[in-house]
Amino acid sequence: MKGAEGKGEKQMELTILYDFVERKLGDDVTGHDLNHIKRVENLAVRIAEQEKRTPEEITIIRAAVLLHDVIDEKVTDSVAKAKQEVMDILEESGATPDEVAVIQDTIENMSYSKNLKQKHKLTKIGEIVQDTDRLDAIGAIGVARAFYYGGSKGHEMYDDTEPTVADQVDESSYRKSTNVVNHFYEKLLRLEESMNTLEGKRIAKSRTEFMQSFLAQLDAEIKGEA
Ligand code: ADP
Ligand code: NI
């Protein structure tokens with residue numbers, strides 16, 4: 001660690017985290033790429049300002065956004081190793097133990113699948129990161145990412161089966177689906193009700209309406225009615 005050791009004088013060096021994330025996610029083709037991170041970072045800062053978070057808190061939020069997908073099992077072969085690398089890079093960036101604790105709690109507990117059985121209570125900072133990551137899975141960008149992800153996994157766009165009933169999704173059945181339209185019913189249309197912040201709820205409502213109208217149009221076109 002370089003520079004002043006004085007309390008609160010030094011902020012985390014986000015550029016160190018950017019370089020790390022670029023190395024880790026630079027060649028991802030499943031929708032966890034750097035553009036996802038940039039969109040979430042921009043929107044998270046805007047929501048955090050509206051929620052009257054301090055500049056120090058906004059730095060923690062940005063750090064958590066940058067790191068949140070590095071430990072995802074869809075991105076790494078070893079979650080344990082990735083978690084250790086995140087700890088190491090946070091130390092290198094000059095994060096304090098308190099900051100590390102909030103970032104760790106956020107990125108390890110914010111995911112949809114982790115909260116299916118029981119909702120983990122996040123910090124205010126974690127709630128903003130969670131909302132923003134989820135907002136990037138809905139609306140027009142959500143539609144694009146879902147089909148992009150499905151294509152990368154060789155899934156069908158849709159099939160003849162009935163969509164999953166949302167209430168029946170649990171940790172074992174979630175992610176078993178192999179058609180993209182089903183993913184809207186098992187997850188994407190449900191994200192609106194999980195929003196923590198006022199602004200998150202407002203954006204989620206309009207993005208969800210967009211997805212519903214997209215699905216209605218898609219259904220009509222599949223049936224040859226539109
Ligand atoms: P994030 O890490 O951003 O919270 P996920 O890791 O859950 O999101 O997924 C990344 C993107 O891929 C999201 O937009 C999500 O909707 C999409 N996705 C994940 N699983 C599926 C699936 N089974 N079918 C279609 N899209 C999926
Ligand atoms: Ni993400």
Side-chain angles (χ1 to χ4, degrees), residues 17-18 20-22 24-45 47 61-77 79 82-83 86 103 106-116 120 122 126-159 161 163-164 166 168-192 194-196 200 203-204 207-208 210-212 214-215 218:
L17 303 184
Y18 277 114
F20 170 74
V21 174
E22 208 163 353
K24 291 285 162 193
L25 304 180
D27 48 13
D28 177 86
V29 289
T30 63
H32 300 90
D33 49 75
L34 289 172
N35 284 330
H36 163 60
I37 303 295
K38 284 181 199 156
R39 287 190 303 272
V40 177
E41 187 187 6
N42 282 337
L43 190 56
V45 170
I47 294 179
I61 288 169
R62 291 174 66 195
V65 168
L66 290 173
L67 297 171
H68 83 276
D69 271 340
V70 171
I71 61 164
D72 191 315
E73 64 195 18
K74 289 191 244 50
V75 169
T76 178
D77 294 337
V79 173
K83 281 183 182 171
V86 163
I103 293 167
T106 300
I107 68 178
E108 289 187 12
N109 295 300
M110 63 188 267
S111 80
Y112 189 71
S113 54
K114 281 267 171 63
N115 286 274
L116 278 171
H120 179 92
L122 293 168
E127 287 183 346
I128 292 173
V129 179
Q130 184 182 56
D131 273 13
T132 327
D133 189 39
R134 291 181 177 189
L135 287 171
D136 204 55
I138 61 180
I141 194 70
V143 172
R145 287 180 82 208
F147 283 95
Y148 187 82
Y149 179 95
S152 79
K153 301 285 176 196
H155 294 173
E156 289 198 86
M157 288 203 283
Y158 60 91
D159 63 26
T161 57
T164 308
Q168 290 168 3
V169 178
D170 59 21
E171 228 168 318
S172 65
S173 61
Y174 176 63
R175 292 222 187 104
K176 293 276 190 295
S177 95
T178 53
N179 90 74
V180 176
V181 166
N182 193 56
H183 188 62
F184 288 84
Y185 293 93
E186 69 170 3
K187 176 177 175 188
L188 305 181
L189 292 170
R190 303 190 77 193
L191 290 179
E192 180 187 355
S194 74
M195 288 291 137
N196 305 298
I203 302 173
R207 292 191 183 194
T208 301
F210 175 85
M211 289 192 297
Q212 273 155 343
F214 168 81
L215 288 168
L218 181 70

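Computation of the quantities below employed the complete heavy-atom set of this structure, encompassing side-chain atoms and omitting hydrogens, waters and symmetry-equivalent molecules. Starting from 1, each residue takes its place in the sequence as its number. Each ligand, and each atom within it, is numbered from 1 in the order the structure gives.
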I'd like to check which ligand 1 atoms, numbered from 1 as shown, lie under 4.0 Å from a non-hydrogen atom of [X].
| X | answer |
| --- | --- |
| Asp69 | 2 (O) |
| Asp72 | 2 (O), 6 (O) |
| Ala146 | 25 (C), 26 (N) |
| His36 | 3 (O) |
| Lys187 | 7 (O) |
| Arg145 | 3 (O), 10 (C), 11 (C), 13 (C), 14 (O) |
| Leu188 | 16 (O) |

Practice item. For Tyr18 and Leu66, work out which heavy atoms get closest and say how close. Key: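 Looking at all heavy atoms of both residues, the shortest contact is CE2-CD2, 3.5 Å.
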Exercise for review: Identify the two heavy atoms, one from Lys114 and one from Glu108, that lie closest to each other, and give their separation to 0.1 Å.
Suggested key: NZ-O, 3.1 Å
Check your understanding: Under 2.8 Å from the Ni ion (ligand 2), which protein N/O/S atoms are there?
Key ->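 Protein N/O/S atoms under 2.8 Å of the Ni ion (ligand 2): His36 NE2, His68 NE2, Asp69 OD2, Asp133 OD1.
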Exercise for review: Would you check, one step at a time, whether the test side-chain contact (heavy atoms from CB on, under 4.5 Å) holds for Leu135 with Met195?
Suggested key: CA-CA 9 Å; Leu135 287 171; Met195 288 291 137; 4.1 Å; yes
Review point. Mind checking what makes side chain to side chain contact (heavy atoms under 4.5 Å, CB included) contact with Leu122, not counting sequence neighbours?
Key: Asp105, Asn109, Met110, His120, Glu127, Gln130
Practice item. Kindly write out the residues that satisfy side chain to side chain contact (heavy atoms under 4.5 Å, CB included) with Ala137, not counting sequence neighbours, or none if the list is empty. Key: Arg145, Leu188, Leu191
Check your understanding: Short N/O distance, under 3.5 Å, between Glu186 and ligand 1?
Key ->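 No, since none of the N or O atoms of Glu186 sits under 3.5 Å from an N or O of ligand 1.
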Review point. Is there any N or O on Lys74 that sits under 3.5 Å from an N or O of ligand 1?
Key: yes
Check your understanding: With a cut-off of under 6.0 Å to the ring centre and 45° to the axis, is Lys153 in cation-pi contact with Tyr149?
Key ->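 Yes - Lys153 lies over the ring of Tyr149, closer than 6.0 Å to its centre and within 45° of its axis.
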Exercise for review: Assess whether side-chain contact (heavy atoms from CB on, under 4.5 Å) is satisfied between Leu189 and Met211, documenting all intermediate values.
Suggested key: CA-CA 8 Å; Leu189 292 170; Met211 289 192 297; 4.1 Å; yes
Review point. So, does Lys153 sit close enough to ligand 1 that a heavy atom of it is under 4.0 Å from the ligand?
Key: no
Review point. Is the closest heavy atom of Arg134 to ligand 1 under 4.0 Å?
Key: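 No, that is not the case, since the closest heavy atom of the residue is not under 4.0 Å from the ligand.
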Practice item. Show your reasoning for whether side-chain hydrogen bond (donor to acceptor under 3.5 Å, both in side chains) applies to Glu186 and Tyr112. Key: CA-CA 11 Å; Glu186 69 170 3; Tyr112 189 71; over 6 Å; no
Check your understanding: Of the choices Asp133, Val75, Asp33, which has the non-hydrogen atom that lies closest to atom 1 (P) of ligand 1?
Key -> Asp133
**Study point:** Member of Ile103, Ile47, Val65 meeting the side-chain contact (heavy atoms from CB on, under 4.5 Å) criterion with Val129
**Key:**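 Of the listed options, the one satisfying the test is Val65.
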Check your understanding: Can any side-chain N or O of Asp131 pair as donor or acceptor with the backbone N or O of Asn196 at less than 3.5 Å?
Key -> yes
**Study point:** Residues that His36 engages under ring-ring contact (aromatic ring centres under 6.0 Å, His included), provided they are two or more places apart
**Key:**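 Partners of His36 by the ring-ring contact (aromatic ring centres under 6.0 Å, His included) criterion, ordered by chain and then number, come out as His68.
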Check your understanding: side-chain contact (heavy atoms from CB on, under 4.5 Å) between Leu43 and Asp136: does it pass, once the steps are laid out?
Key -> CA-CA 9 Å; Leu43 190 56; Asp136 204 55; over 6 Å; no
